[in-house]
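Have a look at the structure below before the remarks.
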Number of protein chains: 2
Amino acid sequence: MPPADQTQPVFRALADPTRRAIISMLADGPRAIGDIAAEFDMTRPAVAKHLAILKEGGVIAVETKGRERINRLEPEALKTAADWLSYFDRFWDDRLAKLKTVVEKSS
Amino acid sequence: MPPADQTQPVFRALADPTRRAIISMLADGPRAIGDIAAEFDMTRPAVAKHLAILKEGGVIAVETKGRERINRLEPEALKTAADWLSYFDRFWDDRLAKLKTVVEKSS
DNA sequence: TTGACATAATACCAAAAGGTTTCATACAAA
DNA sequence: TTTGTATGAAACCTTTTGGTATTATGTCAA
């Protein structure tokens with residue numbers, strides 16, 4: 001059985017396309033809210049709400065720097081979701097799943 | 001950048017804990033709706049709605065057999081989500097990510 | 001210290017999500 | 001053919017979600 005549910009806040013964070021776009025964006029480096037909002041056809045408060053949900057899921061960390069709030073990707077949270085899905089690897093790629101197991105155990 | 005958005009219906013399907021439980025359940029084999037609903041503290045129509053969303057995401061396939069409708073896991077759809085997340089592998093395990101790339105290219 | 005900027009916080013709204021109840025339909029089996 | 005089972009479908013309700021607009025707060029810079 002896949003791991004139990006501490007996954008909920010992460011999958012919730014992943015459920016919205018805007019939030020997934022923000023995640024991709026932050027993969028290139030940390031950014032302030034206004035900077036992020038500028039890339040979407042959406043008001044800043046709306047983006048701020050998405051960031052709050054991402055933070056609840058542990059997907060980002062926020063650091064106040066002067067009057068800016070810098071949002072940084074926290075990729076370990078994504079691993080939670082990836083791990084849940086990895087249980088199903090065996091259905092689409094038995095060979096790779098087995099190899100991964102070997103590699104992970106050897107670390 | 002991670003793959004563009006055909007991911008939405010899949011991530012939507014994954015967003016609800018009941019639906020993830022159904023996915024886990026169907027990993028053990030196909031089941032009829034009533035059979036699934038019996039395992040949840042929820043009415044059958046509610047479960048049927050979840051199944052409809054899972055089907056929209058391509059996560060399950062439905063086959064009518066007499067008066068039963070058998071729900072079967074369609075794991076390729078989960079791969080869509082796993083692939084999106086795999087882009088971020090590099091953040092938590094560079095070594096494994098590189099190895100995976102090698103293995104996948106060699107197939 | 002005044003003004004501009006970056007954000008927080010609040011109130012509000014419409015639509016979607018998650019659930020229920022009720023009723024209709026279709027197949028199976030006696 | 002009648003009865004029970006498995007499901008579909010519609011109507012309805014409540015809460016959450018995703019968005020807006022507006023107002024307030026704190027910080028930098030002239």
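Chain letters run A, B, ... following the sequence lines, proteins first, then strands; residues in each count from 1.
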* Nearest-nucleotide comparison on DNA chain C, the residue closer to the 5′ end among A:D35 and B:I53 -> A:D35
* Send over the distance from B:R12 CZ to C:dA16 P, rounded to a whole Å. => 10 Å
* Nearest-neighbour nucleotide for the A:R44 side chain, C:dT7, C:dA17, C:dC12 considered -> C:dT7
* Asked: Rounded to whole angstroms, how far apart are CG on A:D16 and C1' on D:dT16?
  -> 13 Å
* Asked: Of the candidate nucleotides D:dG18, C:dG18, C:dT21, which contains the atom at the shortest distance from the side chain of B:K49?
  -> C:dG18
* Asked: Quick one: on DNA chain D, does A:K65 or A:A15 contact a more 5' nucleotide (nearest heavy atom)?
  -> A:A15
* To do: Report yes if the side chains of B:W84 and B:V10 come closer than 4.5 Å at any heavy-atom pair, otherwise no.
  => no
* Asked: Does any non-hydrogen side-chain atom of B:F11 lie less than 4.5 Å from one of A:R19?
  -> no
* Asked: Choosing from C:dA6, C:dA8, C:dG18, which nucleotide comes nearest the side chain of A:E68?
  -> C:dA6
* Asked: Does any non-hydrogen side-chain atom of B:N71 lie less than 4.5 Å from one of B:R31?
  -> no
* To do: Answer yes or no: is there a side-chain heavy-atom contact under 4.5 Å between A:E74 and A:V59?
  => no
* Measure distances between side-chain N and O atoms of B:R67 and base N and O atoms of D:dT5, and say whether any donor-acceptor pair falls under 3.5 Å. => yes
* Where the side chain of B:A48 is concerned, which of D:dG8, D:dG18, D:dT22 is the nearest nucleotide? -> D:dG8
* Structure fact -> Testing C:dA8, C:dT22, D:dG19 for proximity to the side chain of A:M42, the answer is D:dG19
* Asked: Whole-Å distance between C:dA17 C1' and B:R20 CZ?
  -> 15 Å
* B:H50 side chain near C:dG19 phosphate (N/O to OP1/OP2, under 4.0 Å) -> yes
